[in-house]
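All values reported here derive from a predicted model rather than from experimental measurement.
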Amino acid sequence: MTELTDITPLLLSRIRDVEDYPEQGVMFKDITPLLADPVAFTALTEALAEIARRTGATKIVGLEARGFILGAPVAVRAGIGFIPVRKAGKLPGATLSQSYDLEYGSAEIEVHAEDLSAQDRVLIVDDVLATGGTAEAAIQLVHRAGAEVAGAAVLMELGFLAGRPRLEAALDGAPLEALITV
């Protein structure tokens, strides 16, 4: 496997800055050029799959929506299952839900109640760690389903938003790995 430090320039070169999106004053980090590049996307997938193997994960939980794009191929590459965590009302059947606070208001995410068990070690995968609210809610869902959290892995951490301390507290000793910190 390529060392993470070796792929950092490749990943960074495929992330595009979009000024004033989705609102004035925000510098959006667009990963679609990375996803369009098969070499960069493969390197990213392999790096995250290595984290899954290292943590002993038996399932990947991907957070809607870009966590689906990253998490599903990571699960395939690592040879483990993939579980989507969706916005409330998007999953059929019995679900567990978790509310969490946003900067302005609140949101709710759900997982199928039967998709996780006490035998599972879950790696939570997403594209970006910002304030940590969604990932923290996902950790709570995994615990409520009876599974163990093996860790969390993201492509990019926005360090200036200080989500790491919040998420590390929720992870309770499980690792948090970001391939890039900006």
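The closest side-chain heavy-atom distance from Met156 to Leu179 is not below 4.5 Å. Side-chain contact between Leu70 and Val154: absent, with no pair of heavy atoms (C-beta onward) separated by less than 4.5 Å. Looking at heavy atoms from C-beta onward, Leu158 lies in side-chain contact with Val182 at the 4.5 angstrom threshold. Side-chain contact between Ile180 and Leu155 is present, with at least one heavy-atom pair separated by less than 4.5 Å. Side-chain contact check for Thr131 versus Arg166: some heavy-atom pair is nearer than 4.5 Å. Put simply, the side chain of Pro84 does not reach to within 4.5 Å of the side chain of His112, judged on heavy atoms. Looking only at side-chain heavy atoms (C-beta outward), Asp115 and Lys59 stay at 4.5 Å or farther from each other.
By the 6.0 Å contact criterion, CZ on Phe28 is enclosed, its count of non-hydrogen atoms from other residues, nucleotides or ligands being greater than 12. More than 12 heavy atoms of other residues, nucleotides or ligands sit less than 6.0 Å from atom CZ of Arg164. In this structure, Asp172 places its CG atom where only 12 or fewer heavy-atom neighbours from other residues, nucleotides or ligands lie under 6.0 Å away.
One finds a salt bridge joining Glu148 and Arg121 here, because a Lys/Arg side-chain nitrogen approaches an Asp/Glu carboxylate oxygen to under 4.0 Å.
The OG1 atom of Thr55 sits 8.0 Å away from the CD1 atom of Ile51 when rounded to the nearest 0.5 Å. One distance of note links CD1 of Ile80 with OG1 of Thr58; it measures 6.5 Å at 0.5 Å rounding. From Glu108, atom CD reaches atom OG of Ser99 across 4.0 Å, with rounding to the nearest 0.5 Å. Separating the CG atom in Asp127 from the CG atom in Leu63 is a distance of 9.0 Å, to the nearest 0.5 Å. Rounding to the nearest 0.5 Å gives a distance of 13.5 Å between OG1 of Thr95 and NZ of Lys90. Between the CD1 atom of Ile69 and the OG1 atom of Thr45 there is a distance of 11.0 Å, given to the nearest 0.5 Å.
Leu35 and Leu12 fall within the same hydrophobic cluster, defined by Ile, Leu, Val, Met, Phe, Trp and Tyr side-chain heavy atoms under 4.5 Å apart, directly or through other members. One hydrophobic cluster, built from ILVMFWY side chains closer than 4.5 Å, holds both Val125 and Ile31. Note on Phe82: it clusters hydrophobically with Val74, by side-chain heavy-atom contacts below 4.5 Å among ILVMFWY residues.
Side-chain atoms of Glu64 come within 3.5 Å of backbone N or O of Lys87 as a donor-acceptor pair. Arg144 contributes a side-chain N or O that, together with a main-chain N or O of Ser97, makes up a donor-acceptor pair within less than 3.5 Å. Distance alone, capped at 3.5 Å, is enough to place a donor-acceptor pair between the Glu110 side chain and the Gly89 backbone. Remark: side-chain polar atoms of Ser13 are paired, donor with acceptor, to backbone N or O of Leu10 under 3.5 angstrom.
Ala75 and Gly81 make their closest contact through CB-O, 3.7 Å (heavy atoms, listed as atom of the first residue, atom of the second, distance). Between Ala52 and Ala78, the shortest heavy-atom contact is CB-CB, 4.1 Å. Across all their heavy atoms, Ala57 and Leu123 have their closest contact at CB-CB, 3.9 Å. Summarising the geometry of Arg16 relative to Pro33, their closest heavy-atom pair is CB-CG, 4.0 Å, with the distance given to 0.1 Å. Across every non-hydrogen atom of Phe68 and Gly62, the tightest pair is CE2-O, 3.3 Å. Annotation for Val26 and Pro22: closest pair CG1-CD, 3.9 Å, computed over non-hydrogen atoms.
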Determine, step by step, whether Leu44 and Ile7 satisfy the side-chain contact (heavy atoms from CB on, under 4.5 Å) criterion, reporting the C-alpha distance in whole Å, the side-chain angles of both residues, the deciding distance to 0.1 Å, and the verdict.
CA-CA 8 Å; Leu44 170 61; Ile7 67 166; 5.7 Å; no
Determine, step by step, whether Ile83 and Asp120 satisfy the side-chain contact (heavy atoms from CB on, under 4.5 Å) criterion, reporting the C-alpha distance in whole Å, the side-chain angles of both residues, the deciding distance to 0.1 Å, and the verdict.
CA-CA 11 Å; Ile83 309 298; Asp120 286 316; over 6 Å; no
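Just one of Asp17, Val18, Ile15 meets the side-chain contact (heavy atoms from CB on, under 4.5 Å) condition when paired with Asp30; it is Val18. Each of Val122, Val142, Val85 was checked for a side-chain contact (heavy atoms from CB on, under 4.5 Å) with Val111, and the lone residue meeting it is Val85. None of Thr134, Ile124, Val61 except one satisfies the side-chain contact (heavy atoms from CB on, under 4.5 Å) rule with Ile139; the exception is Ile124.
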